[in-house]
Amino acid sequence: MHAWPASDVPALPGKGRDLRIHDTATGGPVTVDPGPVARIYVCGITPYDATHIGHAATYNAFDLVQRVWLDTQRQIQYVQNVTDIDDPLLERAARDGEDWTGLAERETALFREDMTALRMLPPQHYIGAVEAIPGIVPLVERLCESGAAYVLDGDVYFSVEADPHFGEVSGLDAEAMRLLSAERGGDPERPGKKNPLDPMLWMAAREGEPDWDGGSLGRGRPGWHIECVAIALDHLGMGFDVQGGGSDLAFPHHEMGASHAQALTGEYPFAKAYVHAGMVALDGAKMSKSKGNLVFVSTLRRAGVDPAAIRLSLLAHHYRADWEWTDKVLDEAVARLARWRAAVSRPDGPAAQDLVEEVREALSNDLDAPAALAAVDRWAALQESTGGTDEGAPGVVSRTVDALLGVAL
Ligand code: 5CA
Ligand code: ZN
């Protein structure tokens with residue numbers, strides 16, 4: 001699939017800093033030390049509805065990861081998927097009497113527009129589940145041959161016991177895993193499974209649902225976790241730097257993905273760091289397509305909200321925090337954007353070298369965007385109260401905010 005256009009990332013004076021980030025698997029901060037090419041996989045959308053603020057907040061976190069890396073002169077291999085075949089997509093298409101492919105294409109196109117408007121850097125490889133099927137089938141066949149997978153009434157399951165490291169990504173106990181598995185697409189109650197947690201790798205063709213050639217597996221469609229594993233292994237290989245998503249993906253999705261890949265390759269780990277963003281809520285509950293309590297990026301844009309203000313709303317919250325979207329959040333971002341734009345509109349101002357370093361330090365410290373905003377606020381307040389004589393300082397501030405925060409002033 002094609003991704004979306006990249007906005008320019010200006011180069012900044014001085015030297016970027018290495019990223020320290022919270023890794024779910026170790027439960028603490030790790031210094032990510034990629035080689036000259038940093039490798040990141042971020043789980044993409046299931047395109048049955050428009051991009052909401054929760055999605056945007058999660059993609060914002062991983063956009064910051066890239067901006068910190070780019071500031072250290074690294075190249076980036078960024079891969080993102082689109083889950084363009086899965087139960088929720090088929091259910092929504094059936095509910096609305098619509099063709100599921102049309103629904104997926106339309107919502108993916110809208111996602112691209114939203115990401116472009118928000119100045120999120122595009123992945124180098126943007127891959128749909130459907131186009132990944134020819135690569136998924138041989139992986140499932142290999143898991144079957146090695147005894148890491150088994151067949152139950154035509155469906156193929158992964159045996160979590162095949163990976164000695166199973167459980168290390170989320171660190172959850174068996175009971176917590178069982179509850180989350182039932183909530184998030186698993187089927188722990190299905191009789192005949194070796195372990196109730198075992199996830200499906202390949203679902204045999206169902207009446208009235210789309211299916212594909214699965215070689216020795218028979219016709220069917222892929223499970224969710226193997227989709228991301230196949231795409232990540234194909235474009236990044238084992239031991240890539242960061243796997244990212246919202247905190248609801250830590251279990252089962254990232255746990256199972258790591259186990260699939262580790263059982264397949266005999267290598268460890270799948271990703272060096274598993275990074276998870278907090279959940280954005282609306283009216284007291286997690287924003288989710290299934291609940292319908294959503295604020296869409298596209299709706300805000302159509303109402304004339306500046307995408308830079310939407311982005312500042314996201315940046316005002318630490319990526320690991322759970323937070324609530326309110327009108328006040330947006331109003332404050334709109335006011336901040338106006339203050340910053342006024343401050344950089346003059347040809348001179350207070351010196352900006354310290355500011356560049358403060359923003360770098362904040363972001364390298366587990367992506368502390370609120371601290372970065374506070375640093376820019378201080379400069380803008382100084383500009384407003386006393387001004388300054390440094391020629392070109394406003395330009396440096398503008399480029400810093402653009403390069404490291406993705407906000408065009
Ligand atoms: N296609 C899969 C990943 S392979 C999927 O989870 N799609 S999704 O459309 O449901 O979510 C896309 C991303 O947005 C995921 O990283 C998910 O964790 C994140 N996300 C979903 N809801 C929220 C929310 N309310 N707040 C923050 N992030 C969210
Ligand atoms: Zn995924």
Side-chain angles (χ1 to χ4, degrees), residues 1 24 40-63 65 79-89 91-92 103-104 107-108 110-111 114-115 118 120 123 125-130 132 136 169-170 180 183-186 199 222-236 240 242-258 260-261 270-271 274-297 313-314 317-325 329:
M1 285 194 178
T24 303
I40 178 167
Y41 186 96
V42 180
C43 282
I45 54 161
T46 305
Y48 69 91
D49 213 337
T51 322
H52 60 63
I53 290 291
H55 300 134
T58 289
Y59 295 111
N60 179 57
F62 299 101
D63 191 71
V65 168
V79 181
Q80 189 181 128
N81 68 305
V82 185
T83 308
D84 58 0
I85 179 67
D86 204 2
D87 294 340
L89 189 70
E91 282 158 19
R92 176 63 59 94
L103 173 62
E107 297 303 348
T108 306
L110 186 57
F111 178 72
D114 290 336
M115 291 296 106
L118 293 173
M120 304 283 181
H125 301 280
Y126 192 45
I127 313 285
V130 171
I136 293 173
V169 173
S170 63
L180 286 177
E183 225 173 83
R184 298 176 180 166
W224 173 30
H225 319 305
I226 193 70
E227 164 195 342
C228 287
V229 170
I231 296 170
L233 290 181
D234 191 17
H235 296 282
L236 298 175
F240 58 90
V242 167
Q243 178 167 32
S247 58
D248 57 344
L249 296 191
F251 192 89
H253 188 49
H254 291 169
E255 187 76 67
M256 296 301 178
H260 290 357
F270 179 48
Y274 299 89
V275 178
H276 294 109
M279 289 290 117
V280 181
L282 180 71
D283 303 330
K286 173 193 157 187
M287 229 183 245
S288 82
K289 288 179 277 204
S290 48
K291 284 204 203 81
N293 57 334
L294 304 170
V295 174
F296 296 122
V297 172
S313 306
L314 311 175
H317 301 85
H318 192 276
Y319 82 97
R320 279 205 287 137
D322 294 329
W323 55 281
E324 172 116 8
W325 175 266
V329 168

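Below, all heavy atoms of this structure are taken into account, side chains as well, without hydrogens, waters or symmetry copies. Order of listing sets the numbers, starting from 1, for every ligand and every atom in it.
- Ring geometry for His225 against His253 counts as tilted: the plane angle lies between 30° and 60°, on a 0 to 90° scale.
- You'll find the side chain of Tyr41 stays beyond 4.5 Å of the side chain of Val242, heavy atoms only.
- Residues Asp84 and Met1 meet the side-chain proximity criterion, which asks for heavy atoms closer than 4.5 Å.
- Between His254 and Tyr274, the ring planes are tilted. Angles from 30° to 60° get that label.
- Side-chain contact between Ser170 and Thr24: absent, with no pair of heavy atoms (C-beta onward) separated by less than 4.5 Å.
- No salt bridge links Asp248 with Arg184; every basic N to acidic carboxylate O contact stays at or beyond 4.0 Å.
- Residues lining ligand 1 at a heavy-atom distance below 4.0 Å are given as Cys43, Gly44, Ile45, Thr46, His52, Gly54, His55, Thr58, Tyr59, Asn81, Thr83, Trp224, Cys228, Gly245, Gly246, Asp248, Leu249, His253, Gly278, Met279, Val280, Lys286, Met287, Lys289, ordered by chain and residue number.
- Ring orientation note: the planes of His52 and His55 are close to parallel, at an angle under 30° on the 30°/60° scale.
- Listed by chain and number, the protein N, O or S atoms at a distance under 2.8 Å from the Zn ion (ligand 2) are Cys43 SG, Cys228 SG, His253 NE2.
- Taking 4.5 Å as the limit, some side-chain heavy atom of Met256 sits within range of a side-chain heavy atom of Phe251.
- Taking the side chain as every heavy atom from C-beta outward, Leu314 and Ile53 approach each other to under 4.5 Å.
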